[in-house]
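Notes follow the structure.
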Amino acid sequence: MKTAQTVLGVVILLFIGGIALLWTKLSPVPNTNNQSNQGEESILGCYAVTNSVGDRYTLNIGSQQGSVVSGGLEFYNYQKDSSIGTFNGLYKNGILLADYSFRSEGMDSVMQVAFKRSGNDFIRGYGPLNDDGTRFIDVDSIVFDPSSTMTVFKKGECANTSSSVTFPKGGESLVRGQKYTISWSGGQDPTQIFLIDTSLKSAGASVSIADRVYNVKNTGSYEYTVPKTLKPGTYELQVGNGLSKTFSII
């Protein structure tokens, strides 16, 4: 009788041990990858590079959720074509690879950009692009050269470059040959002014004031005479990165 009880006790112990082992195997394993992403070094902040000519490039990282980052990106070239927009991308192993959505002279575009962390700064990368120049052919071939001009974005404070057009507000009818006072608030100094023909936007074209007005002192206003040669239609006015609502030229 005692032997039978002993055997029964051993069986029960083995059964309990088997259940415990099975429970351990079935229990969810902590996701170490997510924990790693949550502990990713913070790269939030503003990074900028300037030169003596007046060119200014700004990388402003405003959001970081694990490896997913987003923010603003601006390439201001003194008296040359410039662009300003936003980016969304991934930051992994010290490399930020993102899609840059921007507007330049009335044209909306998207291109791929790359930056590499170097100490507290970022180095912009360059490499072979596809036929339309919007994406890298091979991300492994991107070169990050700190000795190249305007490639090292230094960590620091960035000025608020946002601007807002206050006239025209939208809905007005401006007459060809007449003078108007364009007005705006905020933005960088100097700034740039463009008049955009909305009928040409789908083709990526625009009409600019006096063949693109660069180096406009940011006083908040500019005296402008609507050219008599402009065709009647619907237009937008862009001052810096601020864009008015549509208005008519008659």
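One is the number of the first residue; the rest follow in order along the sequence.
The shortest side-chain heavy-atom distance between Tyr126 and Thr151 falls under the 4.5 Å cut-off. A heavy-atom distance below 4.5 Å is not found between the side chains of Arg117 and Leu96. Two residues are said to be in side-chain contact when any heavy atoms from C-beta on lie closer than 4.5 Å; Gln178 and Val226 fail this criterion. When side chains are defined from C-beta on, Ser118 does not count as touching Pro146, because their heavy atoms never get closer than 4.5 Å. In this structure, Val165 and Glu236 have side chains that are not in contact, with every pair of non-hydrogen atoms separated by 4.5 Å or more. The side-chain heavy atoms of Val113 and Leu59, taken from C-beta on, include no pair separated by under 4.5 Å. In this structure, the side chains of Asn88 and Asp99 stay at 4.5 Å or more apart for every pair of heavy atoms.
Hydrophobic clustering, with ILVMFWY side chains joined whenever heavy atoms are under 4.5 angstrom apart, keeps Val139 apart from Val143. Note on Val68: it does not cluster hydrophobically with Tyr91, by side-chain heavy-atom contacts below 4.5 Å among ILVMFWY residues. Phe136 and Met111 sit in two unconnected hydrophobic clusters of ILVMFWY residues. Membership requires side-chain heavy atoms under 4.5 Å apart, directly or through other members. One hydrophobic cluster, built from ILVMFWY side chains closer than 4.5 Å, holds both Leu44 and Val69. Placement of Leu97 and Ile123 within a single hydrophobic cluster is found when ILVMFWY residues are connected by side-chain heavy-atom separations under 4.5 Å, directly or transitively.
The two residues Gly177 and Thr225 come nearest to each other via the heavy atoms O-CG2, 3.6 Å. Leu237 and Phe247 make their closest contact through N-CE2, 3.7 Å (heavy atoms, listed as atom of the first residue, atom of the second, distance).
Residues satisfying the salt bridge (charged side-chain N to carboxylate O under 4.0 Å, His left out) test with Arg176, not counting sequence neighbours, are none. Partners of Lys169 under the salt bridge (charged side-chain N to carboxylate O under 4.0 Å, His left out) rule, at least two apart in sequence or in another chain, do not exist in this structure. With sequence neighbours excluded, the residues forming a side-chain contact (heavy atoms from CB on, under 4.5 Å) with Lys154 are Asp121, Val152, listed by chain and number.
The line from CZ of Phe102 to CG of Leu73 is 9.5 Å long, rounded to the nearest 0.5 Å. Of the inter-residue distances, the one linking Arg124 atom CZ with Ile142 atom CD1 reads 10.5 Å to the nearest 0.5 angstrom. Interatomic distance, OH of Tyr235 versus OG of Ser248, reported as 10.0 Å (0.5 Å rounding).
Residue-environment remark: CG (Asp131) stays at or below the threshold of 12 foreign heavy atoms within 6.0 Å.
Between Tyr57 and Phe75, a ring centre-to-centre spacing shorter than 6.0 Å is recorded.
Using modelled atom types, one finds no donor on one side chain facing an acceptor on the other under 3.5 Å when comparing Thr234 with Thr246. For the 3.5 Å distance criterion, the side chains of Tyr100 and Ser83 qualify, holding a donor opposite an acceptor.
Counting only distance, with no hydrogens or angles, the side chain of Gln64 and the backbone of Glu41 share a donor-acceptor pair below 3.5 Å.
Checking Thr58, Asn60, Asn120, Ile61 one by one against Tyr47, the side chain to side chain contact (heavy atoms under 4.5 Å, CB included) holds for a single residue, Ile61. Screening Phe144, Phe115, Phe122 against Phe153 for a ring-ring contact (aromatic ring centres under 6.0 Å, His included) leaves a single residue, Phe115.
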